[in-house]
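The next block holds one structure in the form of structure tokens; read it before the comments.
So that the names make sense, note that chain A is the first sequence line, chain B the second, and so on, each numbered from 1. For clarity, every value in this text was computed on a predicted model and none was experimentally measured.
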Protein chains: 2
Amino acid sequence: MPTLDLDQDEIVAVSRELIAETGLDGFSMRKLAAALGVNPMTIYLRFENKDALLDAVATASLADFQAPTSNGPWATQVVDLAVELRRHLVADRETLRLLGDGDRLTSGLLGAVDRGLALMGQIYDGPAETVKAFRVLFWHVVGSALVAGTVSTLPGTQGGLSEAFAAEGADYPGLGRYAEHFGPVDPEELFAYTTHLLVNRLEADAGSLPEEALS
Amino acid sequence: MPTLDLDQDEIVAVSRELIAETGLDGFSMRKLAAALGVNPMTIYLRFENKDALLDAVATASLADFQAPTSNGPWATQVVDLAVELRRHLVADRETLRLLGDGDRLTSGLLGAVDRGLALMGQIYDGPAETVKAFRVLFWHVVGSALVAGTVSTLPGTQGGLSEAFAAEGADYPGLGRYAEHFGPVDPEELFAYTTHLLVNRLEADAGSLPEEALS
DNA sequence: ACCTGAACACCGTTCAAGT
DNA sequence: ACCTGAACACCGTTCAAGT
């Protein structure tokens with residue numbers, strides 16, 4: 001591996017800057033080359049293609065995450081981890097869209113996975129149950145982050161939904177009754193609430209394993 | 001509005017076929033025009049641009065959903081609705097990626113929203129609590145669908161993750177302990193389990209409102 | 001050994017021109 | 001009134017050519 005003026009790390013760093021500025025849609029190999037002051041083809045000497053470069057960008061973004069190690073009650077520690085991980089993923093929403101592979105996602109977040117497993121291991125005895133509980137929370141966090149990254153506005157934020165619901169009241173009687181209560185949603189608050197529900201239920205389950213499955 | 005050989009509905013129908021075949025990335029206005037046997041520019045007489053067309057595609061896909069009206073225990077009806085809605089969204093994962101606006105998503109799924117609200121209204125007294133409980137479940141479903149659509153493989157499906165985790169055992173003691181239990185995940189099963197946790201917790205909450213918030 | 005320019009096969013979209 | 005061809009400003013990537 002020869003010493004190079006332009007190494008992979010610099011290409012990734014500049015790529016992340018550009019993506020943060022112009023979004024993933026406005027990002028191109030040619031613009032990246034221009035920002036690097038280099039011929040577009042030079043990048044292909046370091047990365048096989050655009051996909052491989054974006055892989056490296058996503059990996060670098062995930063590696064930035066530092067799992068919080070708060071003290072306090074167990075449930076608070078779990079919620080902290082969930083909230084912080086979601087915040088990190090949402091902050092880098094453009095690169096979150098690049099994660100097309102679950103293995104890459106979890107292996108890129110080893111610190112978070114380690115911390116999450118440790119917390120679940122505190123209340124679950126069996127390793128299978130521990131991993132399952134971890135997965136419930138982990139994918140809940142990722143799902144919520146994807147919602148935040150994909151769906152730019154949650155219903156009601158823009159206004160007008162109540163009116164639309166009320167107008168459909170004839171066909172959908174349930175809508176008319178609740179239309180006026182479809183006010184703005186705070187995505188963070190909704191996430192925190194759902195997380196609390198899950199954490200409380202996981203905590204309760206751990207105390208009384210095995211519980212009868214519902215279906 | 002004159003009678004036209006090529007109306008919006010046909011363009012949308014053919015677009016959906018092409019997207020189902022080649023994916024969203026392989027879809028272009030030029031290929032669509034070729035499939036329609038028409039000049040690319042003719043499409044622009046019906047739709048302002050590609051974005052407007054994709055909007056119509058997403059709306060049409062959502063409109064296809066028929067909310068199930070199963071009988072049986074309350075929790076089963078709720079889980080049915082959640083599972084069916086997720087299945088519909090995942091089946092059309094390419095168009096799910098088009099939903100960039102929460103209002104469009106919910107107003108495109110009025111039947112599901114109506115049914116969900118009706119179910120939650122059965123156990124919650126106040127409309128605010130009913131809407132909140134509905135939102136917890138609705139966005140949980142959308143989040144899970146986005147995970148399934150964005151993250152093509154959940155960890156372990158490909159194998160190799162256990163080894164990767166074990167290798168990092170030195171830095172992350174928790175990982176080493178659970179590495180061998182990171183087997184394949186069935187996304188549907190994980191979704192069903194998480195949904196059960198949420199539904200059970202919502203049901204319990206409804207019986208004892210208001211409950212003390214955790215934070 | 002390392003970098004590049006020209007070229008290929010695509011895009012979405014504009015706009016003047018055809019019938 | 002309705003449709004289209006040529007053109008513009010972009011893409012990712014290949015490959016022969018330069019130093």
Side-chain angles (χ1 to χ4, degrees), chain A residues 1-60 94-95 97-101 104 150 152, chain B residues 1-60 94-95 97-101 104 150 152:
Chain A
M1 50 186 83
T3 310
L4 300 165
D5 289 24
L6 181 71
D7 63 355
Q8 294 200 5
D9 288 345
E10 190 185 341
I11 296 176
V12 168
V14 174
S15 297
R16 293 180 68 186
E17 284 171 26
L18 284 182
I19 291 171
E21 283 168 25
T22 67
L24 210 47
D25 291 337
F27 177 77
S28 74
M29 297 297 267
R30 290 168 131 104
K31 284 180 188 168
L32 172 60
L36 287 163
V38 112
N39 187 284
M41 297 310 108
T42 307
I43 301 166
Y44 285 85
L45 300 172
R46 310 281 180 271
F47 292 95
E48 178 127 18
N49 50 34
K50 193 184 184 182
D51 247 35
L53 167 60
L54 291 179
D55 261 22
V57 166
T59 301
E94 293 299 326
T95 59
R97 287 167 55 192
L98 299 174
L99 270 302
D101 179 36
R104 203 177 303 134
T150 306
S152 53
Chain B
M1 50 184 86
T3 309
L4 298 166
D5 290 25
L6 183 71
D7 62 355
Q8 294 199 4
D9 289 344
E10 189 185 341
I11 296 177
V12 168
V14 174
S15 296
R16 292 180 68 186
E17 285 170 26
L18 284 182
I19 290 171
E21 284 167 25
T22 67
L24 211 47
D25 292 338
F27 177 76
S28 75
M29 297 298 267
R30 291 168 131 104
K31 285 180 187 169
L32 171 60
L36 287 163
V38 112
N39 186 283
M41 296 313 106
T42 306
I43 301 167
Y44 284 86
L45 299 173
R46 310 280 180 273
F47 293 94
E48 178 129 18
N49 51 32
K50 191 184 185 182
D51 248 35
L53 168 58
L54 291 179
D55 261 22
V57 166
T59 301
E94 294 298 326
T95 59
R97 288 168 53 193
L98 299 174
L99 270 302
D101 179 36
R104 204 176 302 135
T150 307
S152 54

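- Rounding to the nearest 0.5 Å places CG of A:Leu18 at 12.5 Å from CZ of A:Arg16.
- As rounded to whole Å, 14 Å separates atom P of C:dT13 from atom CG of B:Leu45.
- For A:Lys31, a side-chain nitrogen or oxygen approaches OP1 or OP2 of D:dC11 to under 4.0 Å.
- Atom CG in B:Asp7 sits about 17 Å away from atom C1' in D:dC3, given to the nearest Å.
- Each of B:Pro40 and A:Ser28 lies near DNA chain D, and the nucleotide nearest B:Pro40 is the one positioned closer to the 5' end.
- Note that the CG atom of A:Leu36 and the CD1 atom of A:Ile43 stand 5.5 Å from one another [nearest 0.5 Å].
- Put simply, CG on B:Leu54 and CG on B:Leu99 are 11.5 Å apart, with the number rounded to the nearest 0.5 Å.
- Looking at DNA chain D, the stems built from 3 or more consecutive Watson-Crick or G-U wobble pairs, each pair with its key distances under 3.5 Å, are C:4-8 with D:12-16, C:12-16 with D:4-8.
- Proximity of A:Thr42 to the phosphate of C:dT4: a side-chain N or O atom is located under 4.0 Å from OP1 or OP2.
- In this structure, of C:dC3, D:dT4, D:dC15, it is D:dC15 that holds the atom nearest to the side chain of A:Met41.
- Per the geometry, CG belonging to B:Leu36 stands 14 Å off C1' belonging to D:dC3, to the nearest Å.
- Considering only the side chain of A:Asn39, C:dT4 comes nearest among C:dA7, D:dT4, C:dT4.
- Per the geometry, CG belonging to A:Leu24 stands 14 Å off C1' belonging to D:dC11, to the nearest Å.
- As a whole-Å value, the separation of A:Phe47 CZ from D:dG12 C1' is 16 Å.
- Atom CE of B:Met29 is separated from atom CG of B:Asn49 by 7.5 Å, given to the nearest 0.5 angstrom.
- A straight line from CE of B:Met29 to P of C:dC10 spans 18 Å, rounded to a whole angstrom.
- Side-chain atoms of B:Tyr44 lie closest to C:dT13 of the nucleotides D:dT13, C:dG5, C:dT13.
- With hydrogens and angles disregarded, no donor-acceptor distance shorter than 3.5 Å links the side chain of A:Gln8 to the backbone of A:Phe47.
- Computed from coordinates, the A:Asp25 CG to D:dG12 P distance equals 12 Å when rounded to whole Å.
- One can place CG of A:Leu54 at 12 Å from C1' of D:dG12, the figure rounded to the nearest angstrom.
- Proximity note for A:Arg30 (side chain, C-beta onward) versus D:dT13, C:dC3, C:dG12: the nearest is D:dT13.
- Here the side chain of A:Glu94 pairs a donor or acceptor atom with the backbone of A:Leu24 at under 3.5 angstrom.
- Applying the side-chain hydrogen bond (donor to acceptor under 3.5 Å, both in side chains) test to every pair with at least one member in residues 22-39 of chain B, sequence neighbours left out, gives no pairs at all.
- Nearest nucleotide to the B:Lys50 side chain, out of D:dC3, C:dG12, D:dG12: C:dG12.
- For A:Arg46, a side-chain nitrogen or oxygen approaches OP1 or OP2 of C:dC3 to under 4.0 Å.
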